[in-house]
2 protein chains.
Amino acid sequence: MAANGRTQSRRRAQLSRDSILEAALTLTAEGEQVTFRALGGALGADPTAVYRHFRDKDELVRAAYDRIMEKARAEVDESSSWREQIRQLAILSWENSEQHPHIAVDAPILTTGGPGELGCIDLMLGCLRAAGLGDRDVVRFYGVIGSYILSISANISAQKLAAADQGTDINTAWLYDVSGIDATRYPNVAASRYELGELSNDDVYLTGIDVLLDAVEAAAQAEAPTVARARQR
Amino acid sequence: MAANGRTQSRRRAQLSRDSILEAALTLTAEGEQVTFRALGGALGADPTAVYRHFRDKDELVRAAYDRIMEKARAEVDESSSWREQIRQLAILSWENSEQHPHIAVDAPILTTGGPGELGCIDLMLGCLRAAGLGDRDVVRFYGVIGSYILSISANISAQKLAAADQGTDINTAWLYDVSGIDATRYPNVAASRYELGELSNDDVYLTGIDVLLDAVEAAAQAEAPTVARARQR
DNA sequence: CCGCTAAGTCAACGGTGTTGACATATTTGT
DNA sequence: ACAAATATGTCAACACCGTTGACTTAGCGG
């Protein structure tokens, strides 16, 4: 009867998988934890109402993370070189971990099985194939690079969360107390203490990616030394 | 008066940092979670008594993990080549993550700052220096390899825990349902589905280590092409 | 219009880390 | 050697978490 043709009379809060996921991502973007109670508060509904749309928290965070991956995949510039695409994916994964730390934390544990994950896998496999790798090496390197990206970017965001809980600064994580080190017991640490103090998570992460991508190129050249460059795209 | 000269009359359960850590490692070795209540049960003491020896759970798990690293470092055969030593360290870290999953899970988050961690860092720095890397590259590669070992071995044990909670088999984690994949939407996944199905966590992890070690050798040769082999030990 | 099902609400359970008040053992100061 | 002080173990309770079951209600199909 009323103008609203769809659903009206919302004495009850109206949820959906979509609205719940959106609320969850908003929560994490604000650095807050994803909890059923917080979710309920943000949605103006009873916390347990979420259970009508997701079997348990695991399924919820899976779906949320798949959505993140989907977005990341879409942001990759597919016209750039294979190497640049993987690099972009790595950086996007890093940024997503920073933006949604409380979800990214257990990303490496889970296999979403959703379109976002499949899309990312497909993209990376395509890139590695374009690099000139053979069937076997394509998936080998995919495994290494994929787990590297997932694990490390997630763990660094976990570090930041832990550091935020306390007062600790994150950059002191790699080497806390550079000065008070027993030089006789740990001579190498003492000798490198200056460089160790300058290590930052970002640098390490990106360095690792580049090292792995270099290895991909080397492997591709070893496989087909002459045609290696022809496959470029 | 009694024969026991040190501490006698133990009407109370007598705890110490040592006995608590031992109990914690025993718990994780049996696949159980480290909780104050479980700890209290294993020690025959009130759970909260642990708080007299560790400020909070964070400090406890830090100390426990440092002990693990200490043991790992001691098991490395220091007479073997630098490459073999790093490889051993990686494998030991992996095995420790399997043996003590509930502690290793958040290993990459924490910096123990204890002798175990420092010892491992020192060992790796020494190895990389022996490989012929310069000051700067030594710590760069240390950062990459260290975070790789920590993050991935820990995350794989986390996967196993999560899989054990459900009935899921762990080997299906990399590619769950190889058959039901939309080949038009994800052509690369579909093309590589056979190889993807054969991916195992162990293989991926070890492959990654070897790739990184290869990169170390390449970097060392690039730095000092002629003397590269002389530094070997 | 009836009845069925999907969805929101409410109260409660068991498990977690953590705290504060209390009791007792052990060490220290003189 | 005895009293004071400190360290350590005990107990009850709190807040927070995911999760469940019983209920109520909204909305749709016959």
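Side chains included, hydrogens not; waters and symmetry mates left out as well; all remaining heavy atoms used. Just so it is clear: chains get the letters A, B, ... in the order the sequence lines come, proteins before strands, and each one is counted from 1.
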Inset, instruction - Find the distance Ile20(A):CD1 to dG8(C):C1' and express it as a whole number of Å. - result: 11 Å
Inset, instruction - Quickly work out the Leu15(B) CG to dT24(C) P distance and round it to whole Å. - result: 18 Å
Legend entry - Under-4.0 Å salt bridge between Asp210(A) and Arg87(A): yes
Legend entry - Derivation and outcome, salt bridge (charged side-chain N to carboxylate O under 4.0 Å, His left out), residues Arg62(B) and Glu117(B): CA-CA 10 Å; Arg62(B) 261 193 172 77; Glu117(B) 182 180 66; over 6 Å; no
Inset, instruction - Using a strict cut-off of less than 4.0 Å between a Lys/Arg side-chain nitrogen and an Asp/Glu carboxylate oxygen, indicate whether Arg52(A) and Asp46(A) qualify as a salt bridge. - result: no
Legend entry - Within 6.0 Å of CZ in Arg17(A), more than 12 heavy atoms from elsewhere: yes
Legend entry - Lys/Arg N to Asp/Glu carboxylate O, Glu78(A) vs Arg73(A), below 4.0 Å: yes
Legend entry - Whole angstrom value for the distance that separates C1' of dA26(D) from CG of Asp46(A): 16 Å
Inset, instruction - Please name the pair of heavy atoms, one in Ala24(B) and one in Leu60(B), separated by the smallest distance, quoted to 0.1 Å. - result: CB-CD2, 4.2 Å
Legend entry - Sequence-aligned protein contact record of nucleotides 13-23 of chain D, with B where the base is within under 4.0 Å of a protein heavy atom and S where only the sugar-phosphate is: B---BBBB-B-
Inset, instruction - Measure the distance from CD on Gln14(B) to P on dT26(C) and round it to the nearest whole Å. - result: 8 Å
Legend entry - Under-4.0 Å side-chain N/O to phosphate OP1/OP2 contact, His53(B) with dG9(D): yes
